[in-house]
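See structure below.
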Amino acid sequence: MTPVFVRLKLSLLRNGLRQSSGRTAAYITSVAVTLLLAAGQFLGLVLLRGTDHAGTLVVLLSAVFALGWAVMPLFFPSGDETLDPTRLVMLPLRPRPLIGALLVASLVGFGPLFTLCLLAGSAVATAYGAAAVIVAVIAVPLVLLVCVALARAVATANVRLLSSRRGRDLAVLSGLVVAVGVQVVNFGVQRLGVSGGLAELEPVAKVVRWLPPASAIGAVESASEGAYGRAVLQLLLTAAALAVLLYAWQRSLVKLMTAPDGSTAGAAEPARKESASGLGRLLPEGRTGTVMQRSLRYVWRDPKTKAAWVTSLAVGLIVPLFNALQGNGTLYVATFAAGMLGIQMYNQFGQDTSAFWMVAQTISTTRDAHLELRARAAALLVITLPYSALVTTLTAAVLGRWHALPEGLGLSFAVLGAMLATGAVASARFPYSIPQGSVKNVAPGQAGLAWISVIGGMVSAALLCAPLIVLTVWLHLSGAGGWSWLLLPVGAAYGAVLTAVGLRLAAPQVARRLPEILAAVSKG
């Protein structure tokens, strides 16, 4: 079964890349960037060999990466195109060999390759002697298997949560947990990079050395020190963790493939009348109000859309406040909230999935496309504009820099406008499918396209904000800081202009490429 699953996964990737030359170019670019980063991190870890606290660094780094494997595949597109187990429900497959086949198929991808380079570099940095080399040969693949099994077990356990309408409220809570988990990973990596801070982390590393899967990397250092009994025990801890994860994964898979799905249990309930006094009365009439209401309902009702919004809202608040509370933040970090929320503008049509064909029937001219995009942007602004202002105000309050609040708001509004502009263009140029009934956020073969869309758009947004950044720097360096309040109206106007221009540029592309967009977003 295992070779069949591996060939099937490779076929899915290959067939996905054959759909367009743009998708192939995006995938090849993402592969090149991943390989370059993997080679760089491997070389960097190898150069740490013989330095003080190298063992502390690699143990903590492996723990941070394991945590990342656990929380990031849930709500973020990834390069791991592991087969969706829900598609195998009708096949006569036994759970145990299915787990092995899925595990091996999960190792095919650039996410596992990136992790393998990190683990191999960690082993080289701490292995001294033949015994340590033997332990490293066992530890590296063992840790990689634990990371992949952890990601798949968590993902399988959350398939119903993310696809069930009954589980949408629990998805919000799960989104909050994931958002906090991502920030733990983020600040853990930042902490590892603090110059001279590794000595302070030594007590933490002593504990983490006994927590799988980092215990296997710690076993390499133990073998180098001649503590062979301790090394064997640390390896056994990681092996036991792998066995527990595989068992939990198998249990979740059996339940997923045999238990009835209650997501449609409420389908027979009588329809409720929509209140005419609700949100609909506050929105404009005509197409604009209809599109805005539909977009806002997606945010509230669709589990994946809601999870993405909750994650962005939580992360956008946590990052600026954490930095401010630690005493090393600036008010400019508050623009991170606008950037996180602006990402929701990307892949607007992919969020509709196969239902986009109904929207496509209403778009026949550039004007129709412009009205559609403008209404979707307006729906985002209903949430993002006040939220960005709130996060910026809270950050200013924590830092005690009320005098800098106007320029912080101006920069946030400019960033938000740039993200909306580039998001509209990216939605027209790089649409991709979001599979329903699956834990995956990107259809097979489209992960590179998704990353290029978001990362390229964010880089473009940063370049678009360069004039306002230059103006901010000039005001402070020239001694005209008292005029920094002008950045609020200038930033708001600049963001509005960017949004308007981005929508104007994207509308003709949507009208012209409508069949391609429909084919791309309907893939899943």
Side-chain angles (χ1 to χ4, degrees), residues 16 18-23 26 274 279-302 304-305 308 342-384 417-436 442-443 445-446 449-450 452-454 456-457 460 496-524:
R18 286 176 175 174
Q19 292 190 4
S20 68
S21 57
R23 183 172 301 166
E274 295 291 341
L279 179 62
R281 295 191 61 182
L282 302 176
L283 299 177
E285 295 183 357
R287 178 170 188 143
T288 299
T290 302
V291 174
M292 290 180 65
Q293 192 166 8
R294 182 184 69 222
S295 299
L296 293 173
R297 281 183 177 177
Y298 277 159
V299 175
W300 181 249
R301 293 184 178 182
D302 181 64
K304 283 196 173 183
T305 304
I343 291 177
Q344 303 305 318
M345 186 63 186
Y346 290 76
N347 197 34
Q348 274 293 304
F349 307 124
Q351 295 175 12
D352 295 352
T353 63
S354 57
F356 177 67
W357 74 269
M358 300 179 66
V359 178
Q361 302 304 312
T362 67
I363 300 176
S364 57
T365 64
T366 299
R367 182 177 181 275
D368 293 336
H370 181 261
L371 290 176
E372 178 75 22
L373 286 171
R374 188 180 66 181
R376 290 174 182 252
L380 290 178
L381 287 173
V382 169
I383 303 174
T384 57
M419 294 295 290
L420 292 179
T422 56
V425 176
S427 296
R429 296 293 302 172
F430 305 107
Y432 55 89
S433 175
I434 302 177
Q436 296 300 296
V442 184
Q446 294 185 334
L449 187 69
I452 290 298
S453 171
V454 176
S460 300
V497 170
L498 288 179
T499 302
V501 172
L503 295 177
R504 288 289 180 184
L505 293 175
Q509 300 183 46
V510 172
R512 185 174 61 254
R513 303 183 70 249
L514 197 59
E516 298 176 37
I517 296 174
L518 182 58
V521 302
S522 301
K523 181 181 177 182

Exercise for the section: Mind checking the CG-CG spacing from Leu380 to Leu296? Nearest 0.5 Å is all I need. Expected result: 8.5 Å
Practice task
I would like to know whether Asn347 and Phe430 meet side-chain contact (heavy atoms from CB on, under 4.5 Å); could you show each step before the answer?
Solution key: CA-CA 7 Å; Asn347 197 34; Phe430 305 107; over 6 Å; no
Problem - Heavy-atom pair of closest approach, residues Ala507 and Ala369 - result: O-CB, 3.4 Å
Practice task
Could you check Leu518, Asp352, Val291 and say which one makes a side chain to side chain contact (heavy atoms under 4.5 Å, CB included) with Val359?
Solution key: Asp352
Exercise for the section: Taking the side chain as every heavy atom from C-beta outward, state whether Phe356 and Leu514 have any atom pair closer than 4.5 Å. Expected result: yes
Handout entry: Criterion side-chain contact (heavy atoms from CB on, under 4.5 Å) on Leu381 and Leu420, from CA distance to verdict
Key = CA-CA 9 Å; Leu381 287 173; Leu420 292 179; 3.6 Å; yes
Exercise for the section: Please lay out, stage by stage, how Glu516 and Arg429 fare under the test salt bridge (Lys or Arg N to Asp or Glu O under 4.0 Å). Expected result: CA-CA 10 Å; Glu516 298 176 37; Arg429 296 293 302 172; over 6 Å; no
Practice task
Check whether any side-chain heavy atom of Pro431 sits under 4.5 Å from a side-chain heavy atom of Arg513, and report yes or no.
Solution key: yes
Practice task
Go through Val382 and Met292 one step at a time and tell me if the side-chain contact (heavy atoms from CB on, under 4.5 Å) criterion holds.
Solution key: CA-CA 9 Å; Val382 169; Met292 290 180 65; 3.8 Å; yes
Practice task
Taking atom types as modelled, find out whether Arg287 and Thr362 have a side-chain donor-acceptor pair closer than 3.5 angstrom.
Solution key: yes
Completion exercise
Met345 and Leu373 have their tightest heavy-atom pair at CE-O, 4.1 Å
Fill in the blank from the handout: Tightest non-hydrogen contact, residues Val510 and Ala428, listed as CG2-CB, 3.6 Å
Handout entry: Closest approach of Ala424 to Leu503 (non-hydrogen atoms, all atoms of both residues)
Key = CB-CD2, 3.8 Å
Exercise for the section: Return yes when atom CZ of Arg504 has more than 12 non-hydrogen atoms of other residues, nucleotides or ligands closer than 6.0 Å, and no otherwise. Expected result: no
Handout entry: Identified side chain to side chain contact (heavy atoms under 4.5 Å, CB included) counterpart of Ser427 within the set Gln348, Gln509, Arg376
Key = Gln348
Practice task
Please report the shortest heavy-atom distance between Thr422 and Tyr346, naming the atom on each side.
Solution key: OG1-OH, 2.6 Å
